[in-house]
Amino acid sequence: MNIGVLGVQGDVAENVSATKTAMAKLGIKGTVRAVKTPEQISKLDGLIIPGGESTMIGQMSLVSGAIKTIKEKIQSGMPVFGICAGLILLSKNAKDRVVGKTNQPLLDLLDVRVERNSFGRQKDSFEAEVSAQPLGIAKTKGVFIRAPSIEDIGKGVEIISKFNEKIVAVKQANILATSFHPELTHDVSLHQYFVSMVAKKK
Ligand code: GLN
């Protein structure tokens with residue numbers, strides 16, 4: 001199994017490490033590494049788009065051509081896990097809570113409307129207990145850093161988690177997305193779930 005973490009900007013190393021731990025816990029053999037080029041992405045069985053700055057990750061991936069390959073791979077069924085900025089990039093629609101429309105490049109695949117910086121600014125970042133019951137995860141921890149939330153979902157989208165009445169995790173077929181960072185905690189249950197999604201597809 002070959003899982004990549006989009007390595008343009010953001011918390012790439014933390015996701016590589018959490019995914020490796022998750023694979024080991026499941027007893028699955030495979031490689032996990034940072035990827036950047038369309039060529040590297042074309043060979044993947046699964047991709048994590050990490051947290052960071054979505055405008056930056058989107059723009060750089062547009063210029064390198066990675067965004068086109070990522071979109072084609074997801075459309076052909078490759079599982080993807082979008083975290084925070086990754087969730088924003090996967091969405092069909094995103095606006096900022098304060099500045100409104102940002103015209104940033106989006107993959108336009110996940111049928112949700114996202115509000116960026118939904119919980120406030122950097123200083124309002126926090127850690128909280130969340131659950132992901134539909135995935136069989138009763139309790140886990142999430143780190144919310146300038147986190148987005150999901151304001152509206154389309155038909156094929158399942159709500160996985162809510163926090164303070166806001167939707168913070170969803171699943172749509174081969175797309176899993178959270179507005180919080182599970183890789184910044186010691187609990188790899190969401191990464192484990194994602195590795196199982198990839199294993200099922202293989
Ligand atoms: N607010 C950031 C953005 O819009 C996301 C923050 C994060 O990934 N932790 O890109």
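Both ligands and their constituent atoms are indexed starting at 1 by order of listing.
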* **Distance flag, aromatic centroids of F163 and F180, threshold under 6.0 Å** => no
* To do: Heavy-atom distances under 4.0 Å are what count here, so tell me which part of D96 touches ligand 1: side chain, backbone, both or neither.
  => neither
* Structure fact -> So the atoms of ligand 1 within less than 4.0 Å of a heavy atom of I88 turn out to be 3 (C), 4 (O), 10 (O)
* Numbering as shown, the atoms of ligand 1 that approach A85 to under 4.0 Å (heavy-atom distance) -> 8 (O), 10 (O)
* Connected-component partners of L184 among ILVMFWY, side-chain separation under 4.5 Å -> V143, I145
* Asked: Does any donor atom in the side chain of D187 or S189 lie under 3.5 Å from an acceptor atom in the other side chain?
  -> yes
* Take the angle between the ring planes of F119 and F144 and call it parallel below 30°, perpendicular above 60°, tilted in between. => perpendicular
* To do: Could you find the nearest protein heavy atom to atom 7 (C) of ligand 1 and give me its residue, atom name and distance?
  => C84 SG, 2.7 Å
* In the protein, what heavy atom is nearest to atom 10 (O) of ligand 1, and what distance, to one decimal place, separates them? -> S54 N, 2.6 Å
* Sidechain-backbone polar pair: K166 side chain, S118 backbone, donor-acceptor under 3.5 Å -> yes
* For the residue pair H191 and N15, confirm or rule out a side-chain donor-acceptor distance under 3.5 Å. => yes
* Of all the atoms in ligand 1, which lie at a distance below 4.0 Å from a heavy atom belonging to G51? -> 8 (O)
* To do: Using distance alone, determine whether I83 and ligand 1 share an N or O pair under 3.5 Å.
  => no
* **Residue selection (non-hydrogen contact nearest atom 1 (N) of ligand 1) among H181, R146, R116** => R146
* **Note: K171-E158 ion pair, threshold 4.0 Å (strictly below)** => no
* Could you list the atoms of ligand 1 found under 4.0 angstrom from a heavy atom of I145? => 6 (C), 7 (C), 9 (N)
* Asked: Considering only protein heavy atoms, which is closest to atom 5 (C) of ligand 1, and at what distance to one decimal place?
  -> G52 O, 3.4 Å
